[in-house]
Amino acid sequence: MPVLFEPFRIKVVEPIRLTTRAERESLLQQAHYNVFRLRSADVLIDLLTDSGTAAMSDRQWAAMFHGDEAYAGSHSYYRFIETVGALTGMPYIFPVHQGRAAEHILFHLLGGPGKIIPSNTHFDTTRANIEQTGAEALDLPIAEALLPESQCPFKGNLDVAKLEELIEKVGADRIPVCLFTLTNNTLGGHPASLANIRAVKKVLSRYGIPLFLDACRIAENAYCIKLREPGYVNRTPWEIAQEIFSHADGCFMSAKKDGLANIGGFLAVRDVTLVERIQHLLILWEGFPTYGGLAGRDLEAIAQGLHEAFQEEYLHHRIHFVAHFAEQLRRTGVPIIEPPGGHAVFIDAARFAPHIAPEHFPGQAIVCALYVHAGVRAVEVGSLMMGKRGANGDHIAPPLELVRLAIPRRVYTQSHMDYVVEALAELYATRDSLRGFRLLSEAPFLRHFTAVLEPL
Ligand SMILES: *Cc1c(COP(=O)(O)O)cnc(C)c1O
């Protein structure tokens with residue numbers, strides 16, 4: 001593999017505090033075996049999430065100084081609107097403090113009992129915000145998306161035949177919107193193809209159902225299209241994203257991902273019918289429509305960050321950095337979800353620890369052991385995060401048991417990743433000694449954030 005050149009220099013550094021194995025054992029116990037309860041100072045390499053964890057550029061920090069903190073009509077708002085408008089082509093744009101705030105507003109307006117909202121795969125906060133309204137969040141990924149070893153280049157695609165079947169079965173009036181999550185974070189961070197997005201839109205148009213995008217990782221999705229879909233090699237990622245948005249009636253985005261910002265997001269719509277009601281809820285829950293829960297300086301950081309996230313040098317490094325990490329893991333035998341997506345490498349916990357039953361959280365066993373062994377923080381995306389309880393309290397497992405190693409943007413270097421590979425290889429060699437967990441307490445939704453666990 002050719003040397004992968006980091007297209008940035010390091011200008012500010014943040015020291016990492018080293019810990020011992022004995023310290024980490026006791027810290028994890030105090031955290032009730034839930035890594036969300038650890039202090040970040042006690043983590044060596046933090047791959048918990050790529051959300052809000054990006055290193056900002058010198059230009060973003062400089063832009064923040066230009067932040068206009070006026071309550072209404074600040075120039076930072078107009079800079080933000082100009083960038084988001086140019087990218088999405090949407091005339092009505094509302095800043096929000098992060099992605100789930102947009103979900104809250106959108107599904108409050110479109111959801112409700114009896115409604116069904118299909119998607120290629122809903123993210124956990126999206127699902128929770130839909131279900132909170134009494135609506136059903138339905139995942140319709142293509143069959144290949146559930147085959148960990150399949151090399152299908154667009155596992156983020158939505159099953160068009162199943163979508164059509166659903167609409168025919170329940171009727172279009174029960175489906176207020178179809179949501180496309182780009183990339184499909186929870187199933188592996190896989191991109192969707194433009195051919196699939198067009199096909200989905202065609203079906204929806206026939207029934208008058210709007211298409212919305214959950215566009216958190218739209219730059220990574222666009223770059224994967226450039227690399228993998230015929231006909232796009234000579235288009236810029238920004239142009240490819242514009243084409244994706246051209247098929248959508250609305251979108252929301254957490255700018256904590258491909259906005260390269262530490263906080264923020266937006267909701268945007270093409271049609272005027274929802275605008276007044278969005279504005280009312282925005283003022284009630286977030287803030288005046290020209291700041292939407294953000295400081296002026298945050299709007300500046302996002303506007304600048306969006307441009308940087310679409311730079312080819314940046315995206316080339318980003319996608320190949322993740323692919324290289326995946327290739328190193330593959331060589332050690334660690335089972336991963338193929339092919340690696342844009343923002344993370346996902347370990348197939350069901351194959352890594354087949355001796356642990358889903359109800360004893362094989363992914364969480366790997367996450368906890370990886371922290372104790374090496375101080376690396378990953379996150380379980382399996383029975384703990386996505387599992388449900390049946391009517392009699394029994395465990396209903398999600399289709400895949402995964403551990404996500406999310407890569408913060410522009411934060412870690414190659415040698416940090418080499419360290420993680422070595423740690424995982426050692427863990428894999430002793431995988432038979434991994435033990436499962438029992439859940440002692442859980443919240444009614446998004447339980448993984450606060451769950452209390454105990455080793456078996
Ligand atoms: C992060 C994320 C969200 C929610 O955004 P927050 O900023 O964390 O509230 C929604 N959808 C997807 C696909 C995400 O990755």
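Residues take their numbers from the sequence shown, with the count starting at 1. Side chains are part of it too, since the values below use all heavy atoms of this structure and drop only hydrogens, waters and symmetry mates. Just follow the structure's listing: the first ligand is 1, and inside any ligand the first atom is 1.
Looking only at protein heavy atoms, the nearest one to atom 11 (N) of ligand 1 is Asp214 OD2, 2.6 Å. From the protein, the heavy atom lying nearest to atom 14 (C) of ligand 1 is Lys257 NZ, 2.8 Å. The shortest contact between atom 7 (O) of ligand 1 and any protein heavy atom is with Ser254 OG, 2.6 Å. Of all protein heavy atoms, the one lying nearest to atom 8 (O) of ligand 1 is Arg100 NH2, 3.0 Å. Counting protein heavy atoms only, atom 10 (C) of ligand 1 is closest to Glu103 OE2, 3.1 Å. Among all non-hydrogen protein atoms, the one lying nearest atom 6 (P) of ligand 1 is Gln98 NE2, 3.3 Å.
Side chains of Thr126 and Glu103: a donor on one and an acceptor on the other come within 3.5 Å. No side-chain donor from either of Gln98 and Ser254 sits under 3.5 Å from a side-chain acceptor of the other. Defined by atom type and a distance below 3.5 Å, a donor-acceptor pair is present between the side-chain atoms of His448 and Asp124.
Those atoms of ligand 1 with a heavy atom of Thr181 less than 4.0 angstrom away are 13 (C). Listed by number with element, the atoms of ligand 1 under 4.0 angstrom from any heavy atom of Thr125 are 3 (C), 4 (C), 10 (C).
Classification of Asp50 and Arg217 as a salt-bridged pair holds, one side-chain N sitting under 4.0 Å from a carboxylate O. Residues Arg410 and Glu308 are paired through a salt bridge, judged by an N-O separation under 4.0 Å between the basic side chain and the carboxylate.
Under the 30°/60° scheme for interplanar angles, the aromatic rings of Phe36 and Phe449 are found to stand perpendicular. Between Tyr33 and Phe437, the angle of the ring planes lies from 30° to 60°, which puts this pair in the tilted group.
The shortest N or O to N or O distance between Gly99 and ligand 1 is under 3.5 Å. Backbone and side-chain nitrogen or oxygen atoms of Lys256 are examined, and none is located within less than 3.5 angstrom of a nitrogen or oxygen of ligand 1.
Close to ligand 1: Cys216, with a non-hydrogen atom less than 4.0 angstrom away.
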